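Remarks on the structure that follows.
Just the heavy atoms: all of them, side chains too, but no hydrogens, waters or symmetry mates, feed the values below. Only a predicted model underlies this, so the values are computations on that prediction, with no experimental measurement involved. Counting from 1, the numbers follow the sequence of the chain as shown.
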Amino acid sequence: MYNKLYKAIYGGTGRAGMRIFKSLLFIFLLFFCSDKAFSADVTFTAVSDACIKSDKINNSMTPSIQKLLRVKDDINRSGSDFVLFLGNNISGADKYNLVMFAKIIKKIQKPVYVSIGNNDIQKTKHLEKKEYYRLLNRYSRNKISKIPSVKKLNGFVFIFMDGTNEMVSMPRGYYKERELITLEKYLNKYKNNEVIIVQHYPLLGIEDAMKATFNAEPYKNLISKHKNIKAIISGHDNKDFTIEDENGIKHINIPSLSVGAEYEVITIKTKGDEVFIRAKIIDVE
């Protein structure tokens, strides 16, 4: 192949010329591949606060189930690579509602990654984190078994954070020290990758003090040391907003499916240090 290409360009096959040609070709391919290695793009669907609540008495179609079914149909027709559920997937810690949620998302024909929120778990109702994921994964094809966890998706590293308390449902997130230590380990391990963090509780943009994250400052100090974090995707506040912090990290908050009947399709493209984010709100009503 090289001989034919060399002949076509130079009209000869001398050994010295061939060595020079191969060297130039190698350098070209090296730069071309390097450029590809530092660019990535991904499109995904993000759904927050579905708050599924079933009708156990009449077994009728509740509004929350209707909305999630419409989202499921939208996703199956979309060009999204995968789907993120950002927590408060059920209205309260209830195994029946969790199984209902799982059976609906099982019909999504894309990879699904489910985080948890303050409504999803409660130890006194026998729905701890471990049991939550056991039931969820038994009845769905969710690809997360615990959080914090990390997944490589479409050229990015997605880190899924927790912040919940399974002893009591708290409207304010609290990212414990050991969880932040785990996050730092992930960030150091994948320092050469572009990172997206997924979590229920936002770090920025919360106007209601009762919803604001308790220990946001240590978390923000930690992420300020890592230049490869491109975005933090969160929910909980029932509002849509995007804020870029002083470190260039985009904080993208997803509106509530249960309150506003909305979710978002997000496209993130990076090339070098440049980040391009497009978020489109989809209304299911």
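When each of Asp120, Ile52, Leu136, Asn89 is tested with Leu98 by the rule side-chain contact (heavy atoms from CB on, under 4.5 Å), just one qualifies, namely Leu136.
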Candidate pair Ser54 and Asn97, rule side-chain hydrogen bond (donor to acceptor under 3.5 Å, both in side chains), full reasoning: CA-CA 6 Å; Ser54 55; Asn97 289 334; 2.6 Å; yes

Go through Lys211 and Asn238 one step at a time and tell me if the side-chain contact (heavy atoms from CB on, under 4.5 Å) criterion holds. CA-CA 11 Å; Lys211 287 186 175 182; Asn238 300 338; 3.9 Å; yes

Show, in sequence, the C-alpha distance, side-chain angles and deciding distance for Lys271 and Glu274, and conclude whether the salt bridge (charged side-chain N to carboxylate O under 4.0 Å, His left out) test is met. CA-CA 5 Å; Lys271 191 168 186 179; Glu274 293 186 277; over 6 Å; no

Tell me, with the steps shown, if Asp94 and Lys56 meet salt bridge (charged side-chain N to carboxylate O under 4.0 Å, His left out). CA-CA 12 Å; Asp94 181 280; Lys56 298 178 184 179; 2.6 Å; yes

Report the C-alpha separation of His226 and Asn188 in whole Å, then their side-chain angles, then the decisive distance to 0.1 Å, and conclude whether the side-chain contact (heavy atoms from CB on, under 4.5 Å) test is met. CA-CA 8 Å; His226 298 270; Asn188 289 330; 3.2 Å; yes

For Leu187 and Ile159, what are the C-alpha separation, side-chain angles and deciding distance, and is it a side-chain contact (heavy atoms from CB on, under 4.5 Å)? CA-CA 9 Å; Leu187 291 172; Ile159 299 175; 3.9 Å; yes

Let's go through Glu128 and Lys123 carefully: what are the C-alpha distance in whole Å and the side-chain angles of both, what is the deciding distance for salt bridge (charged side-chain N to carboxylate O under 4.0 Å, His left out) to 0.1 Å, and is it a yes or a no? CA-CA 5 Å; Glu128 302 95 332; Lys123 191 169 185 178; 5.2 Å; no

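In terms of hydrophobic clustering, with Ile, Leu, Val, Met, Phe, Trp and Tyr side chains grouped at heavy-atom distances under 4.5 Å, Tyr174 and Ile116 are assigned to different clusters. Met161 and Val114 fall into different hydrophobic clusters, where Ile, Leu, Val, Met, Phe, Trp and Tyr side chains are chained together by heavy-atom contacts under 4.5 Å. Linking ILVMFWY side-chain heavy atoms closer than 4.5 Å, directly or via other members, places Ile121 and Ile147 in a single hydrophobic cluster. Residues Val157 and Phe160 do not share a hydrophobic cluster, defined by chaining ILVMFWY side chains whose heavy atoms lie under 4.5 Å apart. Under the 4.5 Å side-chain heavy-atom criterion for grouping Ile, Leu, Val, Met, Phe, Trp and Tyr, Met100 is connected to Val284 within one hydrophobic cluster.
For the pair Phe214 and Met170, the tightest heavy-atom approach, listed with the atom from each and the gap, is CE1-CE, 3.3 Å. Closest approach of Ser258 to Ala50, counting heavy atoms only: CB-O, 3.6 Å. Of all heavy-atom pairs spanning Glu207 and Lys239, the tightest one is OE1-NZ, 3.5 Å. Nearest heavy-atom pair, Gly117 versus Thr164, reported as atom, atom and distance to 0.1 Å: C-CG2, 3.6 Å. The nearest pair of heavy atoms linking His236 to Pro171 is NE2-O, 2.6 Å.
A 4.5 Å side-chain heavy-atom check between Ile249 and Ile223 finds at least one atom pair inside the cut-off. Considering only heavy atoms from C-beta on, Ser48 stays 4.5 Å or farther from Tyr263 through its side chain. Side-chain atoms of Pro148 and Leu183, non-hydrogen and from C-beta on, never get closer than 4.5 Å to each other. Side-chain contact check for Ile243 versus Phe241: some heavy-atom pair is nearer than 4.5 Å.
Side-chain contact, Thr43 with Asp81: no donor N or O sits under 3.5 Å from an acceptor N or O. Of the N and O atoms on the side chains of Asp237 and Asn253, not one donor lies less than 3.5 Å from an acceptor on the other residue. Checked by atom type, the side-chain pair Thr270/Glu194 shows a donor-acceptor distance below 3.5 Å. Of the N and O atoms on the side chains of His251 and Asp245, at least one donor lies less than 3.5 Å from an acceptor on the other residue.
Tyr133 places no side-chain N or O within 3.5 Å of a backbone atom of Asn142 that could act as its donor or acceptor partner. Side-chain atoms of Asn215 do not come within 3.5 Å of backbone N or O of Pro218 as any donor-acceptor pair. Remark: the backbone N or O of Leu86 is paired with a side-chain donor or acceptor of His200 at under 3.5 angstrom.
No more than 12 heavy atoms of other residues, nucleotides or ligands shown are found within 6.0 angstrom of NZ on Lys53. More than 12 heavy atoms of other residues, nucleotides or ligands lie within 6.0 Å of NZ in Lys95, so this atom counts as buried by the packing criterion. For NZ of Lys227, the number of neighbouring non-hydrogen atoms (other residues, nucleotides, ligands) closer than 6.0 Å is greater than 12. Residue-environment remark: NZ (Lys280) stays at or below the threshold of 12 foreign heavy atoms within 6.0 Å. Within a 6.0 Å sphere centred on NZ of Lys269, heavy atoms belonging to other residues, nucleotides or ligands number 12 at most.
For the pair Lys129 and Asp162, the salt-bridge criterion is met [side-chain N within less than 4.0 Å of a carboxylate O]. One finds a salt bridge joining Arg134 and Glu131 here, because a Lys/Arg side-chain nitrogen approaches an Asp/Glu carboxylate oxygen to under 4.0 Å.
A ring-centre distance under 6.0 Å is found for Phe101 and Phe85. When ring centroids are compared, Tyr190 and Phe156 stay outside the 6.0 Å threshold.
Taking the six-membered ring where tryptophan is involved, the planes of Phe44 and Phe82 are essentially parallel, since the angle between them stays under 30° and well short of 60°.
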